Protein chains: 2
Amino acid sequence: MRGNLFAVAVNLVVLTVRSNRLHALLIERGEPPFLGAWALPGGFVRPEEDLVHTAGRRLGEETGADTGHAVVGHLEQLASYAAPDRDPRGRVLSVGYLAFVPDMPEPTPGGGAAASAWCPIDAVPTLAFDHDRILDDGVERARSKLEYTTLAASFCPHEFTVTDLRRIYEAVWRTTLDPRNFQRKVTSTDGFLVPTTTLVTGGRGRPPRLFRRGPARALHPPMLRESHRVTDDAPSSETSTPIRG
Amino acid sequence: MRGNLFAVAVNLVVLTVRSNRLHALLIERGEPPFLGAWALPGGFVRPEEDLVHTAGRRLGEETGADTGHAVVGHLEQLASYAAPDRDPRGRVLSVGYLAFVPDMPEPTPGGGAAASAWCPIDAVPTLAFDHDRILDDGVERARSKLEYTTLAASFCPHEFTVTDLRRIYEAVWRTTLDPRNFQRKVTSTDGFLVPTTTLVTGGRGRPPRLFRRGPARALHPPMLRESHRVTDDAPSSETSTPIRG
DNA sequence: TAAATAGTGTCTTTTAGACACTATCCA
DNA sequence: TGGATAGTGTCTAAAAGACACTATTTA
């Protein structure tokens with residue numbers, strides 16, 4: 001078998017919406033390199049472990065899913081990053097994973113991290129390695145996935161209101177949506193939401209109904225965000241490359 | 001640095017449209033394992049080489065771009081595959097890349113392949129390793145990318161007619177589109193097509209105009225393929241995974 | 001001239017967006 | 001009662017789909 005050998009790591013872009021703002025889960029590195037710097041959570045792939053297993057394991061460790069806290073969400077592979085000089089220790093390929101989780105208590109650091117925290121997406125400091133780019137790619141993926149899938153519901157707990165769901169879209173897209181048109185759109189899209197009989201009392205206005213996520217995964221027609229630019233909006237990464245002329 | 005080490009390979013899903021059918025580029029393996037079986041072209045990532053460089057290099061070798069043949073197309077990262085038992089030689093992670101190229105002469109085998117050929121997508125035999133799944137993921141990605149990007153033009157040569165472009169959509173989606181509505185849609189989408197002054201004579205009807213690809217990359221509103229199922233249409237791979245309940 | 005393909009015009013249906021209006025809570 | 005939020009109805013504009021019709025070629 002030709003070729004040199006790589007260490008293979010998984011890094012997680014874990015997104016959630018807290019206080020109507022999109023946040024990412026960051027860890028403070030507890031060991032070199034980049035000791036003390038902020039980074040994406042992650043870890044090396046163990047022998048006999050598949051990529052998604054590593055990602056799920058580290059996600060559980062960081063979000064405290066192993067403490068019995070019920071986690072509903074979504075996990076998907078994002079992209080791989082393997083620039084020769086991206087890690088000073090040697091040749092390391094990192095597979096990025098993108099996770100959506102509902103708002104939950106403060107994270108519990110794991111995997112050799114000194115600390116961990118939810119950080120608003122527009123206040124993220126410079127990160128270790130090439131994690132800035134991985135994070136950017138993850139956020140961009142999240143923004144476009146909300147357009148044509150029902151994944152916004154992965155940011156919500158098991159039962160949620162239409163307004164809860166709208167706040168997800170507004171936070172991820174940094175925009176505002178008409179509450180009335182949004183309501184009609186999501187409740188009339190077959191399989192997106194399943195109504196319960198429960199109304200949430202205690203709020204300031206008419207009590208909203210609770211819904212659960214339905215079986216639909218694709219959104220047709222999609223939920224288009226406003227004024228998508230028509231010219232080049234390729235992500236920052238290599239993921240889109242024209243070949244010559 | 002903890003963790004065991006991996007060999008890292010790149011495998012290519014190279015798609016083209018020939019005779020109004022979607023084809024993939026396959027190679028016949030010239031060495032073990034899977035000697036004599038069909039597989040996706042690929043190769044190991046060299047020291048100091050980035051992933052996209054490996055992919056571009058192998059793409060050029062297989063399609064004969066190094067022979068001076070002008071290649072216009074598209075290359076993007078697809079996903080990574082690293083199941084512990086996917087390669088009998090040991091732990092190998094493969095990064096899938098997806099390429100769109102215009103129809104071109106028969107391929108010239110490279111990289112240790114015994115033979116190579118364009119194979120209609122619905123006539124692909126069982127492939128070596130987990131290449132069936134990589135191919136499936138690539139085809140599915142291609143189908144959905146044609147909906148909301150202008151990448152269909154990457155299958156066309158530098159100048160092409162509206163009918164040429166429509167045949168791409170029809171081949172990739174295995175459907176038929178109304179030629180008149182298609183014409184209006186693509187010519188009225190700002191930045192998709194740039195008209196030339198050339199008309200193609202010699203055909204059977206009114207000579208069509210040649211166009212070049214415009215600067216637009218995203219399609220807004222998207223070009224929706226018919227009757228997208230509303231329920232679960234997750235790809236075959238791990239790329240979409242719900243987390244618990 | 002007939003057949004074939006390119007391209008335009010127009011009508012209908014569907015959907016997005018704006019927004020009036022009703023419903024139901026709390027203070 | 002008034003303010004706030006939930007939810008429905010309705011109008012308009014934009015886009016998709018069906019398809020008649022014109023334009024320009026070859027056989």
Side-chain angles (χ1 to χ4, degrees), chain A residues 20 146-148 150 152 156 159-170 173 175-211 216 218-228 230, chain B residues 20 146-148 150 152 156 159-170 173 175-211 216 218-228 230:
Chain A
N20 298 334
L146 258 54
E147 288 194 319
Y148 54 92
T150 61
C156 295
E159 295 190 334
F160 53 90
T161 68
V162 170
T163 296
D164 292 337
L165 186 65
R166 179 166 50 83
R167 300 278 185 228
I168 303 296
Y169 279 93
E170 293 180 332
W173 286 348
T175 185
T176 58
L177 300 171
D178 185 288
R180 299 156 295 184
N181 291 334
F182 183 84
Q183 179 110 17
R184 238 183 331 103
K185 170 80 179 180
V186 296
T187 56
S188 69
T189 296
D190 209 55
F192 193 168
L193 299 180
V194 177
T196 71
T197 56
T198 318
L199 303 182
V200 181
T201 55
R204 249 179 309 192
R206 171 176 171 176
R209 182 176 300 277
L210 285 179
F211 291 82
L219 258 187
H220 280 271
M223 176 102 57
L224 294 180
R225 44 179 162 157
E226 205 55 17
S227 75
H228 223 112
V230 168
Chain B
N20 298 334
L146 258 53
E147 288 195 318
Y148 54 92
T150 61
C156 294
E159 296 190 333
F160 53 90
T161 67
V162 170
T163 296
D164 292 337
L165 187 64
R166 180 167 48 84
R167 300 278 184 229
I168 302 296
Y169 280 93
E170 293 179 333
W173 286 347
T175 185
T176 57
L177 299 171
D178 185 289
R180 299 156 295 184
N181 291 333
F182 183 86
Q183 178 111 15
R184 241 186 325 106
K185 170 80 179 180
V186 298
T187 56
S188 69
T189 296
D190 209 56
F192 194 169
L193 299 180
V194 177
T196 70
T197 56
T198 318
L199 304 183
V200 181
T201 56
R204 249 179 308 192
R206 173 177 171 176
R209 182 176 299 276
L210 284 179
F211 291 83
L219 257 188
H220 281 271
M223 176 102 59
L224 294 181
R225 43 179 162 157
E226 206 55 18
S227 75
H228 224 110
V230 167

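Just so we're clear, the structure is a prediction, and the values are computed from it rather than from any experiment. Residue numbers start from 1 in every chain, and the chains themselves are labelled A, B, ... in the order their sequence lines are given, proteins ahead of strands.
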### Query
Is any side-chain heavy atom of A/T175 less than 4.5 Å from a side-chain heavy atom of A/R225?
no
### Query
For A/N181 and B/K185, take the nucleotide of DNA chain D holding the closest heavy atom to each; which residue's nucleotide lies nearer the 5' end?
A/N181
### Protein-nucleotide distance (A/Q183, atom CD; C/dG17, atom C1'), rounded to Å
16 Å
### Query
What is the distance, rounded to the nearest whole Å, between atom CG of A/L199 and atom C1' of C/dC26?
15 Å
### Message
So which atom in B/N20 and which in B/R167 form the shortest heavy-atom distance, rounded to 0.1 Å?
### Response
OD1-CD, 3.3 Å
### Message
Between C1' on C/dA18 and CZ on A/F182, what's the gap in Å once rounded to a whole number?
### Response
17 Å
### Message
Within the structure provided, determine whether B/W173 and B/M223 are in side-chain contact (heavy-atom separation under 4.5 Å).
### Response
yes
#### Entry: Protein-nucleotide distance (B/R166, atom CZ; D/dA16, atom C1'), rounded to Å
17 Å
### Those residues of residues 201-211 of chain B lying under 4.0 Å from DNA chain D by at least one heavy atom
B/G203, B/R204, B/G205, B/R206, B/P207
### Query
To the nearest Å, how far apart are A/L224 CG and C/dT14 C1'?
14 Å
### Distance in angstrom units between A/D178 CG and D/dC11 C1', rounded
14 Å
### Message
For A/F211 and A/T187: C-alpha separation, side-chain torsions, deciding distance, then whether side chain to side chain contact (heavy atoms under 4.5 Å, CB included) applies.
### Response
CA-CA 10 Å; A/F211 291 82; A/T187 56; 4.2 Å; yes
### Task
Can you figure out which of D/dT10, D/dG7, D/dG17 approaches the side chain of B/R184 most closely?
D/dG17
### B/L193 CG - C/dG7 P separation (whole Å)
11 Å
### Message
What is the separation between atom CZ on A/R225 and atom P on C/dG17, rounded to the nearest whole Å?
### Response
14 Å
### Task
May I ask you to evaluate whether B/T163 reaches the phosphate of C/dA6, defined as a side-chain N or O under 4.0 Å from OP1 or OP2?
yes
### Task
Would you indicate which nucleotide in C/dC19, C/dG7, C/dA6 comes nearest to any side-chain atom of B/R180?
C/dG7
